[in-house]
S.K.: 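Before I ask anything, here is the structure I am working with.
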Amino acid sequence: MNRPFTLLTWNVNGIRARLDDVLSFLAEKSPDVACLQETKCEDKVFPRVPFAELGYTVHIHGAKGYAGVATLSKVKPTEVVLGFRGGDADSACRILNTEIDGLRLYNLYVPNGTALGTEAFTYKLAWLARLKAELAEHCSPAAPVILCGDFNIAPDERDVVDPRALVGSTHFSPEEHAALRELLAFGLQDCFRKHDDRPGQYTWWDYRRADFDRNRGMRIDHVYASAPLYARCESVVHDKTPRGWDAPSDHIPVIASFGGP
DNA sequence: ATGACACGCCGAGCGTGA
């Protein structure tokens, strides 16, 4: 991407349940690339056509009723990899790895982890370690690389309401923080924190207890960039507008803007 | 402390989410 571009990442919590929201948001913001998570549908029923009509090439990696990722781009990708490279297939449909106009873009839906001490939690940590290994083997931090999506980890105390209340809980454990640190040690930086050091800047709020109205959420949707792109990042916006629409996703869209090289 | 919302499974609660 040897020109300015914008990138959207959004956990939509069901693309069919959120189709009108996503289409109107894309039509208004017109990002060059859009990474969607939790599409929750098989590829054969993914609503490709309306996105194509907005000018996007559509790549999807989905499964029935659960998880699923989609990457939409105005420029057609030169490479598309579903899941991890090599080894067993990413049957959970959590990774869509594309190369778009020289940009290596990982659209990620990191496993939830459920609770500390569960198999799902072990899987989450192993999944992050495997991603780190793949980056080390196949990518260079000197190249333009972006990892974005729903990481299901709040990086630090500014990204949660009450750190003490989360002791022993998933999404904010020392183990998850270590796994994220290890992944980012590849050579990636948090684009949001380049521009904003305030606490309480969340991207997800539970539907229950009126948590959105009380701003009781977490910042778990992130855009991480390698040095050459981090330097070009001009803004990262958490757009709360769609959360005010009828029957919204529990996550809001995050839009990162990058200037020219 | 517990439960609280929502989605998609298919036609009712249930698994999952975070």
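Throughout, protein chains are lettered first and strands after them, A, B, ... in sequence-line order, and every chain is numbered starting at 1. Since we're looking at a predicted model, the values are computed, not measured.
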S.K.: By nearest heavy atom, map A:R209 and A:A247 onto DNA chain B; which one lands nearer the 5' end?
M.R.: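 That would be A:R209.
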S.K.: Mind checking if A:N152 touches a base, just sugar-phosphate, or nothing, with heavy atoms under 4.0 Å?
M.R.: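 Answer is sugar-phosphate: A:N152 comes under 4.0 Å of backbone atoms only.
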S.K.: A quick test of your reading: do over 12 heavy atoms of other residues, nucleotides or ligands sit less than 6.0 Å from CD of A:E234?
M.R.: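 It does: A:E234 CD has more than 12 such atoms within range.
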S.K.: In whole angstrom, give me the gap between the P atoms of B:dG13 and B:dT2.
M.R.: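 Comparing P positions in B:dG13 and B:dT2 gives a spacing of 25 Å.
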S.K.: If you only use heavy atoms from C-beta on, which nucleotide in B:dC7, B:dC9, B:dA18 is closest to the side chain of A:A17?
M.R.: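 Within the option list, the nearest is B:dC7.
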S.K.: NA contact type, A:Y202, heavy-atom cut-off 4.0 Å: base, sugar-phosphate, or nothing?
M.R.: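 The answer is nothing, as A:Y202 stays clear of every strand by at least 4.0 Å.
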S.K.: Under 4.0 Å between any heavy atoms, over every strand shown, what does A:N11 touch: base, sugar-phosphate, or nothing? Just pick one.
M.R.: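 Sugar-phosphate, no base atom in range.
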S.K.: Answer with yes or no whether A:N112 presents, from its side chain, a donor or acceptor under 3.5 Å of a partner atom in the base of B:dA18.
M.R.: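 Indeed, a donor on one side and an acceptor on the other fall under 3.5 Å apart.
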S.K.: Counting only heavy atoms not in A:E79, do more than 12 fall under 6.0 Å of its CD?
M.R.: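 Yes, CD of A:E79 has more than 12 neighbouring heavy atoms, counting only those of other groups under 6.0 Å.
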S.K.: When rounded to the nearest Å, what value does the distance between C1' atoms of B:dC7 and B:dA12 take?
M.R.: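 Approximately 15 Å lies between the C1' atom of B:dC7 and that of B:dA12.
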S.K.: Please collect all salt bridge (Lys or Arg N to Asp or Glu O under 4.0 Å) contacts where either partner lies in residues 218-227 of chain A, sequence neighbours excluded, each pair once.
M.R.: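 Counting only pairs at least two positions apart or across chains, the salt bridge (Lys or Arg N to Asp or Glu O under 4.0 Å) contacts touching residues 218-227 of chain A are A:D159-A:R219, A:D190-A:R219.
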S.K.: Give a yes/no answer on whether the side chain of A:R18 brings an N or O atom under 4.0 Å of OP1 or OP2 in B:dA6.
M.R.: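 For B:dA6, neither OP1 nor OP2 has a side-chain N or O of A:R18 closer than 4.0 Å.
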S.K.: Tell me every residue that passes salt bridge (charged side-chain N to carboxylate O under 4.0 Å, His left out) with A:D162, counting only those two or more places apart in sequence or in another chain.
M.R.: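 Once residues adjacent in sequence are excluded, the partners of A:D162 under the salt bridge (charged side-chain N to carboxylate O under 4.0 Å, His left out) criterion are A:R164.
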S.K.: Write down the distance between CZ (A:F212) and C1' (B:dA4), rounded to a whole number of angstrom.
M.R.: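 From A:F212 CZ to B:dA4 C1': 18 Å.
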S.K.: Check this for me: A:R216, atom CZ, are more than 12 non-hydrogen atoms of other residues, nucleotides or ligands nearer than 6.0 Å?
M.R.: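 Count not over threshold, so no.
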S.K.: Look up atom CG in A:L183 and atom OH in A:Y224, then write down how far apart they are to the nearest 0.5 Å.
M.R.: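 Reported value, rounded in 0.5 Å steps: 8.5 Å.
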S.K.: Figure out the CD/C1' separation between A:E38 and B:dC5, and round it to whole Å.
M.R.: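 The answer, rounded to whole Å, is 14 Å.
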S.K.: Where does the angle between the aromatic ring planes of A:F192 and A:H238 fall among parallel (under 30°), tilted (30 to 60°) and perpendicular (over 60°)?
M.R.: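 Geometry flag for A:H238 against A:F192: parallel rings.
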S.K.: Phosphate oxygens OP1/OP2 of B:dC5: is one of them under 4.0 Å from a side-chain N or O of A:R243?
M.R.: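 No, A:R243 has no side-chain N/O under 4.0 Å of OP1/OP2 on B:dC5.
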S.K.: Starting from P on B:dA6, measure out to CH2 on A:W204 and report it in whole angstrom.
M.R.: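 Atom CH2 in A:W204 sits about 13 Å away from atom P in B:dA6.
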S.K.: Is there a residue in residues 41-48 of chain A whose heavy atoms reach under 4.0 Å of DNA chain B, and which residues are they?
M.R.: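 The answer is none.
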S.K.: Which nucleotide in the set B:dC9, B:dA18, B:dA6 lies at the smallest distance from any side-chain heavy atom of A:H251?
M.R.: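 Closest nucleotide among those given: B:dA18.
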S.K.: Which one, B:dA4, B:dA18, B:dC10, comes nearest to the side chain of A:R208?
M.R.: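 Per side-chain heavy atoms of A:R208, the pick is B:dA4.
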S.K.: Return the SG to OH distance between A:C93 and A:Y66, rounded to the nearest 0.5 Å.
M.R.: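 The SG atom of A:C93 sits 10.0 Å away from the OH atom of A:Y66.
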S.K.: Both A:I220 and A:K40 contact DNA chain B. Taking the nearest nucleotide for each, which residue is further toward the 5' end?
M.R.: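 Final value for this comparison: A:K40.
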S.K.: Measure from the side-chain heavy atoms of A:Y66 and tell me the nearest of B:dG17, B:dC7, B:dA4.
M.R.: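 Nearest to the side chain of A:Y66 among the choices is B:dG17.
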S.K.: Could you tell me the separation between the CD atom of A:E176 and the P atom of B:dA18, rounded to a whole number of Å?
M.R.: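 The distance from CD of A:E176 to P of B:dA18 comes to 12 Å, rounded to the nearest Å.
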S.K.: What nucleic acid atoms does A:D250 come within less than 4.0 Å of, heavy atoms only: base, sugar-phosphate, or nothing?
M.R.: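 Result for A:D250 = nothing.
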S.K.: I'd like the P distance from B:dT16 over to B:dC10, given in whole Å.
M.R.: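 It works out to 15 Å between them.
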S.K.: Quick check on B:dG17: is either OP1 or OP2 less than 4.0 Å from any side-chain nitrogen or oxygen of A:T114?
M.R.: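 For B:dG17, OP1/OP2 do have a side-chain N/O of A:T114 under 4.0 Å.
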S.K.: Are A:L184 and A:L229 joined in one hydrophobic group, where the rule is that I, L, V, M, F, W and Y side chains link up if heavy atoms are under 4.5 Å apart?
M.R.: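 Unlinked, A:L184 and A:L229 end up in two clusters.
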S.K.: When the C1' atoms of B:dA1 and B:dC14 are considered, how many whole Å apart are they?
M.R.: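 About 24 Å, rounded to a whole number of Å.
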S.K.: Answer yes or no: does a side-chain N or O of A:Y207 lie under 4.0 Å from OP1 or OP2 of B:dT16?
M.R.: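 Negative; the distance criterion is not met.
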S.K.: Roughly how many Å is it from CG in A:D246 to P in B:dC5, rounded to a whole number?
M.R.: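 A:D246 atom CG is separated from B:dC5 atom P by 17 Å.
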S.K.: Measure the distance from CG on A:D211 to P on B:dA18 and round it to the nearest whole Å.
M.R.: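 Atom CG in A:D211 sits about 14 Å away from atom P in B:dA18.
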